[in-house]
Structures are given as C-alpha cells and as structure tokens.
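Each chain gets a letter, A, B and so on, in the order its sequence line appears, and its residues count up from 1. Computed from a predicted model, the values in this text were never measured in an experiment.
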Amino acid sequence: MTQTITLSWTTICPLDRLEPDRGVAALVDGAQVALFRTPDGLFAIDNRDPVSGAYVLSRGIVGSRGGVPTVASPLHKQVYDLRSGHCLDLPGVAVARHDARCRDGLVEVRLRQEG
Amino acid sequence: MNGGDLVVIGNGMVGQRFVDALRARDPQGRWRVTVLAEEGRPAYDRVRLSAYFDGVSESELNLHTPHDGVRLRLGEPATAIDRVRRVVTTAVGEYRYDMLVLATGSYAFVPPVPGVELPGVFVYRTLDDLAAIRAYAQGRRAGAVIGGGLLGLEAANALRLLGLSTDVVEFAPRLMPVQVDQAGGAMLRRYVDDLGVRTHLGVATTAIRSGPDGGVAALALSDGGAIDAELVVVAAGIRPRDQLARDAGLPLGPRGGVLVDATCRSADERIWAVGECAAVDGTCHGLVAPGYATAEVVADRLVGGAATFPGADTATKLKLLGVDVASFGDAHGTTPGCLDVTFTDPATRVYAKLVLSDDAHTLLGGVLVGDASAYPTLRASVGGPLPAAPLALLAPDGGGADAGALPTTAQVCSCNAVTRGDVDAAIADGCTDVPALKACTRAGTSCGSCVPTLKQLLDAAGVAQSSALCEHFDVSRRELFEIVRVRGIRTFSRLVAEHGRGRGCDICKPVVASILASLGSGHVLDGEQASLQDTNDHFLANLQRDGSYSVVPRIPGGEITPEKLIVIGEVARDFQLYTKITGGQRIDLFGARVEQLPQIWRRLVDAGFESGHAYGKALRTVKSCVGETWCRYGVQDSVGLAIALELRYRGLRAPHKIKSAVSGCARECAEARSKDFGIIATETGWNLYVGGNGGFRPRHADLFATDLSTEALITLIDRFLIYYIRTADRLQRTAGWVEALDGGLDHLRSVIVDDSLGLCAELDAAMARHVATYSDEWRDVLDDPDRLRRYTSFVNAPDVPDPSITFSQERGQPVPAGDSQPARPLPTDGHRRQPVTLGLPEVRR
C-alpha cells in the first residue's frame with residue numbers, strides 16, 4: 001500500500017534562473033531537492049545520491065536514455081529516470097521524486113513523501 | 001621412477017618453463033625440486049632482453065613464479081656432477097639427485113680476435129651484460145657490434161638507443177644470414193642504413209685495438225679498413241654450455257651440446273637435457289620455442305608420460321630496429337626442385353618470398369621483410385596447400401591472408417605463445433573487443449604486431465565491433481571530432497540533431513565538450529557548453545566523495561616562491577581546508593563548498609595563481625627534478641623546460657587527463673617515463689618518451705626521439721598531443737592510444753616526424769591557436785557575474801552552506817565526517833524511506 005504525503009507548493013526562483021539541461025540544488029521545507037530544467041519540462045528529485053550518500057544529484061549531467069529524461073550521478077555515474085526517480089543501472093534503487101511546475105515565470109516545488 | 005629428488009641446473013627461460021611444466025603435472029609434489037641458478041636473479045625473458053634499453057624494467061621481464069616444493073638457489077652455479085654418487089656439487093654444498101635436468105643454456109661465442117679481452121668489449125647475453133654496457137656507454141660516442149645476425153642487430157639497436165654511433169660487422173655477405181635470403185637481407189639493410197647504423201658486410205674483424213686509456217678504441221677489418229669503437233659488443237653466435245656434462249663423461253653432439261634422444265634423455269638414464277645445451281638427436285636449437293618443447297617433453301617423461309620432441313619449429317618473426325622480419329619453413333629453398341615466388345617493392349620497402357614445392361601446390365617456407373602481417377597465415381600453412389594465390393598472399397597488406405583462414409593451432413601472438421584457438425576460446429567466453437582479448441589471453445600485449453590479427457579474428461567470429469560512442473551517436477569519438485571540425489558545428493544541440501539522436505548523456509556530452517574546447521570554442525562554461533560539462537569542469541574544481549570540492553592551483557614545474565607558499569597556507573587556514581601535496585608536485589586543497597570556490601580563487605588569483613586544471617581531462621602537471629641548476633648530476637635545466645611546457649600546454653583539453661615530467665639526467669628523479677610524454681635530458685639534448693602511464697595499468701613510455709633541441713622537442717610534443725586529441729577514443733590514455741595505433745610508434749613517427757599524412761602544418765597551427773588563446777578559467781569566472789551566479793549552495797538560499805558537508809579532525813586537519821553525516825532533514829513527521837541495500841555500484845566506462 002502506498003501512502004503519499006504532499007505538502008504545499010514552495011516558490012523557488014524565476015525560471016530563467018535555471019540553465020537549460022542543467023540542475024540546481026534548492027532547499028524546500030528543510031530538504032535538499034535537485035531541480036532540473038530540460039526540454040521535457042521541469043523535474044525535481046532528492047538531491048541525495050542514494051549510492052554514495054552525498055548530496056550531489058543536482059550537479060549531474062542531464063540527458064536521455066531510450067527517450068526517458070535522465071540525470072547521471074556525478075560521483076559514480078548511475079543514471080536515474082527524472083520522471084520516476086528509478087535508477088536505470090541498479091535495479092531496486094530509486095531516489096524520491098517531487099512535483100515541480102512553472103507559474104507566472106516562477107518555479108515551484110512540492111515535496112512528495114512516498115512509502 | 002615417478003618421484004624423488006630432482007635437481008635442475010639452470011634457471012633460464014627453458015629451465016623455468018620445465019619447472020612450471022613439471023609442477024603443473026605433479027600437483028602432489030612427488031618430485032622434490034632444487035634449482036641451481038648461476039645468476040643472482042630468477043628467470044627472466046631473455047628474448048625481450050633488449051626491451052631493457054627501451055625502459056622495460058627488470059621486474060617486467062621476470063618469468064619466475066614460486067612453487068611449493070621447489071627450492072631455488074640463486075647465485076649458486078653447479079661446479080661438478082658425480083654420476084656415481086648422483087650428487088651435484090656447488091661452491092656451497094652438494095645436492096643428491098634421483099634425476100638431474102641440465103638446463104645450462106648457451107654462452108656467447110667470442111672469436112679469438114686479438115684484443116678481445118680489452119675493457120669495453122662485451123657480450124649480449126644477460127641483464128648484467130646489458131647493465132655493464134649501459135654503464136660503460138656513459139660519456140662515450142662510438143660503438144660497434146661484431147655479428148650482423150639477430151642478436152647483433154638487437155645489440156646495434158641498443159647501442160643506438162644509448163646514443164652511440166653504431167657500426168655492424170658481419171662476416172656473411174648479408175644481414176641475418178640464418179633467417180633471411182640475399183634479397184631480404186638487402187631490403188633489411190636499407191632500413192638499417194636509414195637508422196644511421198653503418199653495416200660492413202662480407203668482412204671479418206682482424207683485431208680490436210686499444211686507445212690511450214687502455215680500453216677498446218677501434219676495430220681493424222679484413223678488408224684493410226678500420227672503425228672507431230669505444231665500446232664493442234660481440235654477437236657472433238652462441239655455443240651450448242656443455243662443460244659440466246663433458247667433465248662428467250657424458251656423450252656430446254657433433255657440434256657440442258649434451259647428446260640426448262627424442263625423449264631428451266642423455267646416455268645416463270638419470271640425466272636429461274633441455275633447451276640450448278641439449279643436442280636433440282645431435283642437433284642444438286638456439287630458439288626458445290624448441291627449448292620450451294624440450295622442457296615439456298622432460299616434464300611429461302618424469303611423471304610417466306611418453307612425449308617425444310616434435311621437431312624444431314624454426315620459424316621466427318621479429319621486429320628488429322622497427323622492421324618486421326619473418327622467416328619460416330624452408331626459407332632458403334633447400335628442398336630439391338622447389339620454386340620461389342618473390343615480391344619486391346623498393347618504394348614501400350617490402351620484400352616477400354614464398355618457397356613452393358615443384359608442383360607449386362605446397363607451401364614449404366618463406367621470408368618476409370618490411371611487412372610480416374601475412375606471417376601467421378603463411379606459417380600455419382607450411383606443408384599444406386596454399387591458402388590463396390601466391391601473389392594475393394604476397395600483397396603488402398597481407399590482403400590475401402585473412403586471419404579467418406587460420407587453423408586453430410596457428411600462433412597469433414608469438415611473443416606470448418597465444419594460438420588462434422586460445423583467442424577463439426576467449427571470444428567464446430565473452431571477449432568482444434581487442435582490450436578484452438589482451439587482458440584475457442595476453443595476446444597483443446608485447447610488440448603489438450598481432451593487434452590487426454586480433455581484430456580480424458573478432459570479425460571472423462562474427463563479433464560486431466561497435467565504435468558507437470553511446471546510444472546518441474553511432475560514430476566514434478575520432479569520427480565525431482572530424483564531423484565537428486569539418487562541418488564547423490559549435491553546439492551540441494545542432495550536432496545531436498544532425499548526426500545523432502535523443503538528448504545526449506553523461507558519455508557523449510563531455511566528449512563533445514572536450515572536442516569543442518579542443519577546437520577553440522571559447523570558455524568551457526560559455527552558453528550551451530556549460531550544460532555539457534562534467535561537474536568538475538562545471539565548477540572548475542574536483543568533486544570529492546562527500547560532495548565538497550578540492551582546489552589545485554597551478555605551480556608550473558613544481559617551482560614555487562615562499563610568498564606563494566604562504567598564500568596557499570593562509571587560504572587553507574582561513575577556509576579550513578585539508579592540504580596535501582599531490583603526486584604531481586602540486587598542493588591540493590580539500591573540503592571547499594561550492595559557494596566558497598570563487599572566494600578561494602579570488603585570493604589565489606590575486607596572489608598570481610591560476611587554475612591548475614586538476615579538474616579537467618586536460619594537461620594536469622609537468623613535474624621536474626631540480627636539474628643542472630642545483631643537482632650534481634643534472635645536465636640540463638629540467639625546471640626551466642618543465643615550466644615552459646606546462647605554460648605552453650596549460651588548459652589543453654584531451655580525451656583523458658595528461659601528465660608529463662622532465663628529468664635533468666638519466667637518474668630520472670622526475671619519473672618522466674611513467675608519463676604521457678616525458679623528457680629526459682642528455683648531454684647533447686633531450687630524449688622524448690611517449691605513451692607512458694602511471695595509472696590503473698602502469699606502462700613505461702616508449703623512447704620516441706633522441707638528442708632533440710628544445711625547439712625540435714616542442715614541435716614533436718605539439719604534434720603528438722594534437723594528433724592524440726584528434727584521434728583517440730573517449731577516455732583513452734596515450735598509452736592505450738599508442739598501443740592501438742596500427743603500426744604503433746613507427747606509424748606515429750611517420751605522421752608527426754615525416755609528415756606522411758601531410759597533417760603536420762595543421763597540427764602545428766592547432767597548437768599555436770591553443771597557446772595564443774589560453775586564458776585562465778578561474779579568472780574568467782571571477783570577472784563575469786553571470787558565471788559567478790552558479791556558485792551558490794542553493795538556488796533559493798544562496799548563502800546557506802550545504803549542511804551535509806561536515807568535517808572531523810584527523811592528524812590535525814579536517815576530513816569528511818563520514819558516517820556522522822547528518823541525515824537528510826525531514827519536513828514533518830520523520831517518515832523515512834527504507835534504507836536500500838546495495839551491491840557494489842556498477843562503474844560504466
């Protein structure tokens with residue numbers, strides 16, 4: 001059974017503050033979130049690399065694998081599906097994903113807690 | 001008898017092979033083995049002896065593997081055999097035997113020429129001989145070799161590498177008279193002439209004359225001529241070492257050697273002989289392959305087997321002085337009625353001859369000079385029908401001799417005795433490319449001449465060798481480089497739209513970033529380029545395991561003033577950074593958070609530092625020793641050259657990081673031969689080494705050119721680097737690149753020295769542009785508010801330090817706190833995801 005806890009939307013920054021195909025780190029309700037602007041849209045996932053424990057996913061290279069938008073951990077290059085948070089290289093490994101949107105030129109993020 | 005005390009006299013290549021073979025067949029250790037070795041070091045690869053002068057270390061030549069139940073007595077030669085008491089005597093003691101194996105090898109034949117005992121006259125047999133030659137060559141300029149056979153030419157190359165002018169005196173009318181015919185010898189001589197080695201054929205040395213210092217000074221020749229020679233190597237042939245057997249009353253062969261039958265057993269049923277000291281049915285064999293065969297025969301016999309000597313395979317394939325030479329089967333055409341088919345091309349300097357049976361249907365033997373690529377197929381076909389029409393077989397590219405036609409027993413790699421069957425088995429086990437085959441079979445890891453054959457065998461096995469970079473590009477890095485260069489593409493988006501698919505990934509994006517940087521496309525963080533960079537290049541610092549970065553300012557050549565040292569110390573203290581001297585003579589400052597980087601650079605840049613590019617696939621460091629400025633032994637200004645080179649190549653992006661070093665003398669304190677390019681000073685110039693690697697698979701650099709002026713040196717390095725940058729695979733080091741080049745170092749020489757591809761002007765121009773447009777990446781960021789905006793911890797809280805980066809103290813300095821890292825702060829009820837148990841992370845290449 002999956003329980004999803006959602007919090008309210010938090011305004012992060014103007015959209016033009018995000019470079020295309022690159023990530024930034026943001027603090028949302030005390031949590032570190034990696035936020036990405038790609039041609040497929042905005043994506044937000046936990047900034048913590050679940051393999052190394054370091055808070056670095058926002059600094060990974062953005063791209064695609066088989067049409068899926070991805071980011072590669074900058075530490076040991078495991079690739080994550082930006083839409084689902086699933087690691088495409090290590091079965092069973094995933095990173096939490098969050099909601100991201102752009103309203104009136106401002107980027108907003110809402111944390112999701114899945115269990 | 002099938003066990004007991006076994007004594008082996010000799011620990012050369014064959015002696016060692018015998019012990020290995022016996023141990024493999026006698027795992028219970030029924031034979032208690034004692035090996036008596038004359039030399040102070042265990043068995044080494046004597047076939048590759050000359051590689052010692054090319055920078056290959058003693059340990060790389062080592063062939064010895066310790067075995068349980070084998071006693072190795074180094075430096076303890078046998079002095080007598082008592083066949084009645086069954087005891088071998090040494091200077092130290094006696095060893096009783098139930099069986100005795102003689103593996104005493106051969107000695108260099110020294111003709112009884114007057115003066116042969118003078119200081120400065122050497123033979124070429126052992127590592128000690130080579131060390132003595134090297135030491136004696138110091139400060140001398142003229143050398144000569146007596147003997148123009150295989151060993152003589154190797155010795156000539158060694159003298160050349162030691163910087164001596166070199167003459168070769170050969171009694172026969174051609175070089176390598178045993179292996180090569182008259183026409184092949186003539187072609188070989190043209191190559192040798194080009195190397196500046198002078199040959200004197202059909203003449204004998206009548207006397208060796210001394211000079212004022214009592215050492216050798218000249219050779220007198222039978223034609224009345226004379227040669228200046230301060231160092232002489234005698235390589236006039238070998239003789240079996242059979243004195244022990246002779247003294248023990250054992251029968252010998254007609255031309256010496258312990259007479260043994262096809263089982264390698266002597267007239268005494270308890271004594272066997274293997275290798276070059278054995279006269280098998282009366283004939284001695286001076287090659288390692290028949291020697292190994294005798295070792296296997298005796299090992300088999302000692303465990304009750306019935307092996308017999310299969311006959312000597314005298315085929316040889318060599319790379320002498322950079323020239324391919326091969327000879328196999330009845331190379332001299334001594335079979336009655338045989339026919340010759342020959343091919344001579346003076347332009348490409350290729351000579352090939354096939355010896356055929358009188359009906360022209362059966363291959364009997366042949367000679368190849370200049371291009372031996374057809375050797376594996378031809379050699380394996382001896383005694384059978386021709387695998388193709390003779391002219392097709394002799395085509396210079398070996399086009400008619402595809403490796404796919406090889407029998408499984410054919411030896412693909414003669415250096416490491418790897419057969420086609422071994423390679424096919426490795427392919428069946430999952431090897432899908434040449435590097436995997438090299439790692440799995442050792443084929444191609446020595447001289448590299450069989451690498452093209454390995455590729456053919458992969459093709460023959462139906463293994464498609466993809467050169468695709470990743471799922472987004474079907475081409476290799478090299479092809480991508482050409483596309484970007486020729487079409488003038490300057491953005492990733494256009495490149496992937498026109499020549500690829502998808503959105504790119506962490507493999508192709510940094511490759512394209514590097515290509516764009518190499519082609520002079522502005523700052524690495526300009527515009528769209530920023531999104532292509534690996535995090536190191538993106539933040540111009542080195543990402544460390546805890547998410548912090550390290551900063552390495554450039555210290556060219558490793559030379560630094562006290563004032564600058566103090567600045568680094570102050571910066572480290574003020575930002576509480578961990579400091580460490582790196583392996584490349586730089587100072588690494590660890591533990592900086594993203595938002596601290598510009599502040600740290602500001603302090604460093606103001607003090608005159610610049611980016612050391614320690615984050616990039618770029619030139620990292622040029623190390624140096626202190627050279628002649630301070631050192632008692634230095635012969636040139638190694639610091640000055642290292643600084644000049646580091647400043648010239650700073651910022652140069654490449655397929656892999658590049659390191660260099662300059663040593664001021666042959667003592668090599670800067671370890672230049674473990675670098676991508678290394679320079680060692682000589683009294684008359686600089687020696688350039690390329691393709692070394694101190695990384696995962698250490699490799700000594702190859703000597704590329706000698707006694708260069710500083711200007712000539714820099715020109716060669718310029719071209720070497722640009723050619724590498726343009727043509728190497730992704731993440732391919734110079735070491736792997738040089739090894740993978742078809743034609744290896746010779747190809748490289750032809751391209752960047754002889755300009756065989758007409759590329760040199762372009763390579764020179766590319767480097768000139770790099771040098772002219774260099775600007776410090778740190779300063780460029782500090783001068784640009786847009787770029788500076790990237791250096792924040794959180795986009796919505798730029799001044800909040802990343803709370804996950806914390807430190808503890810170790811040996812008085814901060815280090816990552818490790819397990820005490822704070823958990824991710826949780827927003828509300830502390831609900832947490834379950835920890836995930838992981839295997840080892842997969843590391844993709």
Side-chain angles (χ1 to χ4, degrees), chain A residues 3 5 7 10-13 17-22 24-33 35 38-40 46-56 58-67 69-79 89-90 92-94 96 107 111 113-115, chain B residues 470-472 492-493 501-510 528 530-536 538-539 543-548 594 789-790 792-797 800 802-805 816 818-819 821 823-829 831-839 841-845:
Chain A
Q3 181 193 9
I5 301 166
L7 299 160
T10 303
T11 303
I12 305 296
C13 63
R17 182 69 182 76
L18 304 185
E19 291 175 54
D21 277 329
R22 199 81 220 185
V24 295
L27 274 181
V28 184
D29 296 324
Q32 285 200 37
V33 170
L35 185 57
T38 83
D40 300 309
D46 265 6
N47 194 30
R48 183 176 181 274
D49 173 356
V51 175
S52 66
Y55 288 72
V56 294
S58 59
R59 302 179 214 156
I61 287 180
V62 170
S64 68
R65 185 181 288 185
T70 58
V71 64
S73 165
L75 272 172
H76 292 299
K77 317 297 182 195
Q78 293 87 7
V79 170
D89 294 323
L90 297 171
V93 176
V107 178
L111 293 191
Q113 288 288 313
E114 293 175 41
Chain B
C470 62
E471 70 171 64
H472 306 100
F492 180 84
S493 44
R501 66 185 75 82
R503 304 232 189 270
C505 64
D506 60 304
I507 293 172
C508 58
K509 281 184 167 180
E528 193 206 69
S531 74
L532 309 179
Q533 309 293 347
D534 181 77
T535 186
N536 281 11
H538 197 247
F539 287 108
L543 178 65
Q544 302 299 332
R545 61 181 305 154
D546 63 342
S548 69
V594 165
R789 281 207 311 185
R790 285 196 190 96
T792 52
S793 51
F794 299 104
V795 66
N796 60 341
V800 177
D802 180 346
S804 74
I805 297 176
D819 291 335
Q821 266 187 24
R824 182 170 69 90
L826 288 170
T828 49
D829 59 0
H831 185 93
R832 298 208 58 190
R833 283 174 297 123
Q834 290 298 304
V836 182
T837 309
L838 293 172
E842 181 193 10
V843 179
R844 287 188 294 121
R845 287 168 188 277

Side-chain touch Pro510(B)/Ile61(A), heavy atoms, less than 4.5 angstrom
yes

From the list Arg501(B), His472(B), Arg503(B), side chain to side chain donor-acceptor pair (under 3.5 Å) partner of Ser64(A) resolves to His472(B)

Closest non-hydrogen contact found for Tyr55(A) with Ser804(B) is CD1-CB, 3.2 Å

Output for pair (Arg545(B) CZ, His76(A) NE2), nearest 0.5 Å, gives 7.5 Å

* Is there a donor-acceptor pair under 3.5 Å between the side chain of Arg59(A) and the backbone N or O of Gly547(B)? -> yes

Could you tell me whether a side-chain N or O of Lys77(A) sits under 3.5 Å from a main-chain N or O of Ile507(B), the two making a donor and an acceptor? no

Q: Would you confirm whether Asn796(B), through its side chain, and Thr11(A), through its main-chain N or O, come within 3.5 Å as a donor-acceptor pair?
A: no

Here the gap from Ser493(B) atom OG to Asp21(A) atom CG, rounded to the nearest 0.5 Å, amounts to 9.0 Å

Applying a strict 4.5 Å limit to non-hydrogen atoms, the region of Glu528(B) in contact with chain A is neither

Chain A shares the most heavy-atom pairs under 4.5 Å, among Ala797(B), Ser793(B), Ser548(B), Gly504(B), with Gly504(B)

Short side-chain to backbone donor-acceptor contact, Arg22(A) and Ala530(B), under 3.5 Å | yes

Note: Val800(B) and Leu27(A) closest approach over all heavy atoms is CG1-CD1, 3.9 Å

If one checks every heavy atom of Pro20(A) against chain B at 4.5 Å, the contacting part turns out to be backbone

**Message:** Please check this pair: side chain of Glu471(B) against backbone of Gly66(A), looking for a donor-acceptor N/O pair closer than 3.5 Å.
**Reply:** yes

Between Thr535(B) and Pro74(A), the two heavy atoms sitting closest are CG2-CB, 3.6 Å

